Amino acid sequence: MAKAKEMPMFPLDRVRNVGIAAHVDAGKTTLTERVLYYTGVSHKIGEVHEGSAHMDWMAEEQVHGITITSAVTQCPWKDHLIQIVDTPGHVDFTIEVERSMRILDGAVIVMDGVRGVEPQTETVWRQANKFDVPRLVFVNKMDKPGADFDRALESIEKRLDDHAVPVGVPIIDEHKVMHLIERKVYSFSGEKGEEVTISEPTDAQMEEIELQRDVLLSALADHDDDLAELYLMEEEVPEEMIWSVLRKATLAGHLRPAFGGSALRNWGVQCVLDASLKLLPAPLDRPTTHATSPEGEDVVIEMNDDEPLVALAFKVQLFDGRRHVFARIYRGTLEPGQQVAVSGQAKPERVARVFNVNADRKQRMDKAVAGQIVLLAGLRNATTGDTLTDIEHPVLLERIDARQPVLSLAIEPEATKDEAKMLEVLGKMCEEDPTLKFTENEETGQRLISGMGELHLQIAFERMEREFNLKVRVGRPEVVHRETIARGVSLAGGVDRVLEINNQEVHLKADVKVDVQPAPRGEGVSIICEPTWLPTGFEPSAEQKQAVLDGAGDATSSGPIEGAPLQDVTVTVQGVTTHGPASSPQALRIATANAVREALAQAGGLVMQPLMRVSVVVPDENTGSILGDLQSRGANILGTEADGGVTTIDAECGLSNLIGYTTDLRSSTRGRGQFVMEFDRFDVS
């Protein structure tokens, strides 16, 4: 990892932590490259299609032409510091977006000017909504035939049920931007669009500005009475008032200011940069963070450098084979050599070094303060979602949820001597990526690596070979299954047996009545354990109560058919009959497990596979054949929409029928079809 250019310190009110997110191939990395160039961080613009993008620094990103891992960089712009996180657009790497949104203050959502809202746009929008992240919209690729700024904003209203308002409207034929608030026209010249000229609009341009400005003011009037009064009286609304009301509405999540242009053509990027300073929040503008004390009490975390440290580890990454941890500091300061408490761990850890980061370059820092996103070296056990705190003042921040993998491959090293090395490498990679799992079948000895899709696993294997010089053999894809039950069953079961322990006979006897019922999809497993204890008047010990609960947990760890994880089942322990000393905690645990397992077997097990939300974009002439092919794969067609010579097909389909579909689609559409799928739920197909 190279050394980063030294960056001066900025007060928190002049810092913006901004993520750039989009559907794959919408141009967010291209946008980020222009931002780096215009802010002086890089001296040349790297291009994704040439494999030279500054932010796509991993070899796999350059080969595949996509962003795989979220990259952090810092950009000075007009006496402010913008800390940018460039996130992946491919759904297989959605954990990178999820954990980035968790620690960001604002976001820029990039959209294709032709396609508008696409499937992964919906996903990143939901992730931003989950963490209440204010955002701007950049409608990119306005130079492409069929691009339509107004239609793109309408797709936000239609598909996302959100309200985007125009601020920087592109002039497509001239590669300029009409700024509605300033009533000016921005032109971009120079070799890379670095020279910005602000001019007065022509009469025709002014007419269009006033029409679009009325749309903006009408939206703002719903959020401010003073502005509404001026607007309704058809009086001039001051520019400062428009900025102020728009900022408040943006921070509250009511409006999404939108700008248009083309990052590849160096057109409109500076307007987005300026708007990020004016409209997106500084760390101090964000709602107060809440944590939980060891006693379970709510703790308010104020962003103050003088209070005890509170930080969130949101990503583990290997740089040059060494373990590093990305963290967002919410309170206090962090210095090299400082000991920190790590949530869930008994022993504190020492932070050896603190860095700020520019993609794959890093620079040592003497101190990090609240509001900063930094890279830490020396933490051996802290992982994604852990809270780092002052040793004397431990608290717990909300963890980051990781989605469960849906596709598995058998894996073994090409050389037997690399067995131990493979286990070590997989351990590191799974720690780095919470959606990558590694398991071993105890019966067969077969090792499985599981991930979010074919591309996700392919990238993992490429990294093993490049970074660790480890070649592996992989088996055929195997879809991850879950199990549930078909119907409800109530029964009584138990245990009545004699065991020989330490040359002594031990009688185990207990009877348990249980009820199992199917639960709605996505509910998981619920255990209700408030039984009636018999004989009447019997008072169970705490150990006996816990044994019954543990027995129910043992039985619900796997399903009755394949032994796959059980879900969407409610288990109720209704009654327990004890038999004196024979009903020890061990007997009660075995009896409960036996009763629940028998009930699950009688309830009729059902195997569930991952159901994927599918979006297929094809030329109109291929629509019929593609619909027929999807239906032959068991897909449920949810809807179609034709626009601009292409048709978008939305469907849901079992993952097992979609393996290899990308290749089939390209073949049947002569390379013009696009396909995106996202895990929706486990269900019976």
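Note that this is a predicted model, so its numbers are computed, not measured. Computed from heavy atoms alone, side chains included, the values below leave out hydrogens, waters and symmetry copies.
Atom SG in C430 sits 6.0 Å away from atom CD1 in I449 (nearest 0.5 Å). The line from CZ of F461 to CE of M429 is 8.5 Å long, rounded to the nearest 0.5 Å. Atom OG of residue S450 and atom CG of residue L436 lie 8.0 Å apart, to the nearest 0.5 angstrom. Atom CZ of R159 and atom CD of E122 lie 4.0 Å apart (nearest 0.5 Å). Taken from CG in L549 to CD in Q546, the straight-line distance is 5.0 Å, to the nearest 0.5 Å. Rounding to the nearest 0.5 Å gives a distance of 8.5 Å between CG of L397 and OG of S343.
The cationic atom of R482 (NZ for Lys, CZ for Arg) lies less than 6.0 Å from the six-membered ring centre of F682 and within 45° of the ring axis. Judged by the 6.0 Å distance and 45° axis criteria, R328 is positioned over the aromatic ring of Y330.
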side-chain hydrogen bond (donor to acceptor under 3.5 Å, both in side chains) between T669 and N622, worked out: CA-CA 7 Å; T669 61; N622 297 118; 5.4 Å; no

Worked check of side chain to side chain contact (heavy atoms under 4.5 Å, CB included) between T578 and V576: CA-CA 6 Å; T578 59; V576 178; 4.3 Å; yes

L388 and L379: CA distance, side-chain angles, deciding distance, side chain to side chain contact (heavy atoms under 4.5 Å, CB included) verdict: CA-CA 10 Å; L388 312 178; L379 298 177; 3.9 Å; yes

E505 vs R497, salt bridge (charged side-chain N to carboxylate O under 4.0 Å, His left out): CA-CA, chis, key distance, verdict: CA-CA 10 Å; E505 289 187 347; R497 58 194 290 196; over 6 Å; no

Step-by-step side chain to side chain contact (heavy atoms under 4.5 Å, CB included) determination, L600 to L566: CA-CA 10 Å; L600 292 173; L566 193 70; 3.9 Å; yes

V571 and I528: CA distance, side-chain angles, deciding distance, side chain to side chain contact (heavy atoms under 4.5 Å, CB included) verdict: CA-CA 6 Å; V571 176; I528 302 171; over 6 Å; no

Steps toward side-chain hydrogen bond (donor to acceptor under 3.5 Å, both in side chains) verdict (N594, R589): CA-CA 9 Å; N594 287 346; R589 182 167 184 166; over 6 Å; no

side-chain hydrogen bond (donor to acceptor under 3.5 Å, both in side chains) between T623 and T647, intermediate numbers included: CA-CA 7 Å; T623 302; T647 298; 3.1 Å; yes

Check against salt bridge (charged side-chain N to carboxylate O under 4.0 Å, His left out), R399 and D386: CA-CA 7 Å; R399 291 193 65 85; D386 281 348; 2.9 Å; yes

Step-by-step side-chain hydrogen bond (donor to acceptor under 3.5 Å, both in side chains) determination, D511 to H579: CA-CA 9 Å; D511 299 292; H579 301 274; 2.6 Å; yes

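Under a cut-off of 6.0 angstrom, the local environment of CG in D298 is crowded, with over 12 non-hydrogen atoms contributed by other residues, nucleotides or ligands.
Side chain of D568 to main chain of E523: a donor-acceptor pair is present (N/O by atom type, distance under 3.5 Å, no hydrogens or angles). S667 places no side-chain N or O within donor-acceptor distance of the main-chain N or O of D664, the cut-off being under 3.5 Å. Proximity of a side-chain donor or acceptor of S293 to a complementary backbone N or O of E297 within less than 3.5 Å is detected. Panel note: side chain R597, backbone A595; no donor-acceptor pair is recorded below 3.5 Å.
Heavy atoms only, all atoms of each residue included: V573 and A552 are closest at CG2-CB, 4.4 Å. Across all their heavy atoms, V124 and M101 have their closest contact at O-CE, 4.2 Å. The two residues L153 and A164 come nearest to each other via the heavy atoms CD2-CB, 4.1 Å. Of all heavy-atom pairs between A382 and V325, the closest is O-CG2, 4.0 Å. The nearest pair of heavy atoms linking Q602 to R487 is O-NH2, 3.0 Å. In terms of heavy atoms, P134 sits closest to D105 at CD-O, 3.2 Å.
At a threshold of 4.5 Å between non-hydrogen side-chain atoms, the residues P585 and E543 count as touching. Contact check for L426 versus M464: side-chain heavy atoms found under the 4.5 Å cut-off. No side-chain heavy atom of L611 sits under 4.5 Å from any side-chain heavy atom of L655. Contact annotation: the side chain of W125 approaches that of I156 to within less than 4.5 Å [non-hydrogen atoms, C-beta and beyond]. For the pair F326/T384, no side-chain contact is recorded, criterion being any heavy-atom separation below 4.5 Å from C-beta on. Between R633 and Y661 the shortest side-chain heavy-atom distance falls below 4.5 Å. Side-chain contact check for M422 versus R447: some heavy-atom pair is nearer than 4.5 Å. Put simply, the side chain of V506 does not reach to within 4.5 Å of the side chain of V498, judged on heavy atoms.
Residue V512 forms a side-chain contact (heavy atoms from CB on, under 4.5 Å) with just one option from T592, I590, L491, and that option is T592.
Checked for salt-bridge contact, K158 and E641 meet the test: a charged N lies under 4.0 Å from a carboxylate O. E652 has no carboxylate O lying under 4.0 Å from a charged side-chain N of R613, or vice versa, which leaves the two without a salt bridge.
Side-chain contact check for D515 and T572: no donor-acceptor pair (N or O, by modelled atom type) lies under 3.5 Å. No side-chain donor-acceptor contact under 3.5 Å links Q517 and T570.
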